[in-house]
Amino acid sequence: MKHSARVRFAPSPTGHLHIGNARTAILNWLFARHVGGTFILRIEDTDPERSKSEYVNRIYEDLNWLGIQWDEGPDTEGEFGPYRQSMRFELYQRYANKLREEGKAYNCYCTPEELEQMRKDAVREGRQVTYNRKCLHLSDAEEQELIHAGRKPAVRFKVPEGQVEFEDVVKGTISFDVENIGDFVIMRAEGIPTYNFACVVDDSLMQISHVIRGDDHVSNTPRQILLTQALGMDVPLYAHIPMILGADRMRLSKRHGATSVDEYRAKGYIPEALINFLSLLSWSSQSGDEILSVDRLIKEFDFSRISKSAAVFNVEKLDWMNGQYIREMDVEKLTQLAIPFFDKAGYETTDYEKTKKIVAALQDKIDYLEQIIDQAKIFFQDHITIDETDARAVIRKDTSQKVFWSFLRELRNIDRIDVDIFRNIMKSVQKETGIMGRDLWMPIRVALTGKVHGPELPVVIELFGKDKCQRLVENIVGGYR
RNA sequence: GGCGCGUUCGUCUAGCGGUUAGGACGCCGGCCUCUCACGCCGGUAGCACGGGUUCGAGUCCCGUACGCGCUACCA
């Protein structure tokens, strides 16, 4: 019986953190924090074909950006390390030998080609496609012969007979008939452990209490339980969480658009919003609330409220939720987040107060930061072009010219302009011309921004300043084009 | 093919034998308003199918269909 929960997130370093993996990490982390347990980061880099060392840093970056801290991991102290499987090969070798010595595993000299042939034959004859145990009863002499012939053995686990049943924390009782599981390889011929083996050795040695992972692993679970038992170790609790799917209900992949945490960061999503959104995929708060702080997520985390079925990743809802976070955010903080996007677009940000006002004006018009580039464009152009049909129509109206002349006359009476002064001016213009409402405001908006939509006009005017306003309206007076 | 898991509005979900099947996103309409957006109000739409069990089934059981996963010397 373990006294405190120990959970692990065990990604393969194959690139940036995938959305699905991120959710697994989040749920592990939330659970660990909920029970005051330990959250461990373990890098599963046994496959040299797929894993790249530099990708480990990307995983760190993505996790850090999300605000997920691990208690034990490759870069921390910890009595259960090392936390990278590529540094634990001797361990796997040792345990594989142990199983072999105990008769629970055996050398297999079959080549991939032979295995493939056996599989084909089995399918053709309608038999089970499990390994036929050809190498189980090799005599010493036969084994020597194969070794002399240059064959390197893989190690296969001798699967015992019977049933494997376990109580999945989210899915309930799951049972398998072991006869459907063939003897599987635990050590590849090159001395590298396979996933199921390395995973079991590590989970056992690291004293993992709860294995929380995607439900694409349920079919691996009986293998892992059998191995754990063969090793004489304690079997952990398993919690298989539902997969995240694309709009076509297929496993989320590149074809579905942005699928890595990194891409959402680049577009200017808020980490807390992403965590909130991902948490709500297959989980819900009893309160029915949807906007939930990390503190609440930790407090309310509960396996019994995780649903059993897969969830489709719906970007529209993420956008809405992210927009909620942006709207609630302190302008100061939002400005800090927006500046890199302004810089990227080549917008001047040296006047911090001005930048802040622009951000404030746009705060409720964007769902994620990248959208502010388009929205802020009007504040950083000296000349305007009017190419929207609606905007041109506004300028062509007779009343618009009257508004412009009157507006310009009013401007002569002042030397600076702000929100209040502008409002007064508009009142005067209205009084003088008799024009009001849309016909009164739209011409000014189009003259200043070239567009028929945008932030509140008084705010735009103040940010532009008197001179720019005057210049732009003068440019258009007499008819644009 | 075998094995496993799953199936409530288009999507995310609530529901844990008795509900007009609730909420959220989206969409549509309205209000606010110089515009868009925000916000607010309202509307749209769902228990995969067939058998049981029960006085009563979205809820329990069994089938079927469909989907996904595993079936690798990938993880």
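Proteins come first, then strands; the chains are lettered A, B, ... in the order of their sequence lines, and each starts at number 1.
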Please state the [atom1] separation for the pair [N] and [M] - nearest whole angstrom.
N	M	atom1	result
B:C9	B:G63	P	24 Å
B:U19	B:U8	C1'	14 Å
B:G22	B:C32	P	30 Å

Under a 3.5 Å cut-off for both contacts, is [N] paired Watson-Crick or G-U wobble with anything, and if yes, with which nucleotide?
N	value
B:C73	none
B:G50	B:C62
B:C55	B:G18
B:U11	B:A24

Assess whether a salt bridge exists between [X] and [Y], defined as any Lys/Arg side-chain N lying under 4.0 Å from an Asp/Glu carboxylate O.
X	Y	value
A:D203	A:R42	yes
A:R88	A:D45	no
A:D216	A:R251	yes
A:E190	A:R188	yes

Practice item. Measure from NZ or CZ of A:R223 to the centre of the six-membered ring of A:F157, then state whether that distance is under 6.0 Å and the direction lies within 45° of the axis. Key: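 Judged by the rule, A:R223 and A:F157 form no cation-pi pair.
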
Value in whole Å for how far the [atom2] atom of [N] lies from [atom1] of [X]:
X	N	atom1	atom2	value
A:D367	B:C38	CG	P	7 Å
A:L362	B:U35	CG	P	18 Å
A:L226	B:G4	CG	P	15 Å
A:Q324	B:A37	CD	C1'	13 Å
A:Q163	B:C3	CD	P	12 Å

Review point. For the side chain of A:I174, counting heavy atoms from C-beta on, which of B:A14, B:C5, B:U35 is nearest?
Key: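 Among B:A14, B:C5, B:U35, the one nearest the side chain of A:I174 is B:C5.
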
Check your understanding: Taking the side chain of A:W320 as heavy atoms from C-beta outward, which of B:C34, B:C5, B:G26 is closest to it?
Key ->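 The listed nucleotide nearest to A:W320's side chain is B:G26.
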
Study note, to complete from the structure: Scoring nucleotides 66-75 of chain B by protein non-hydrogen atoms under 4.0 Å (B base, S sugar-phosphate only, - none) yields --SBSSSBBB

**Study point:** Nearest-nucleotide 5' precedence on RNA chain B, A:S285 against A:Q375
**Key:**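 That would be A:S285.
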
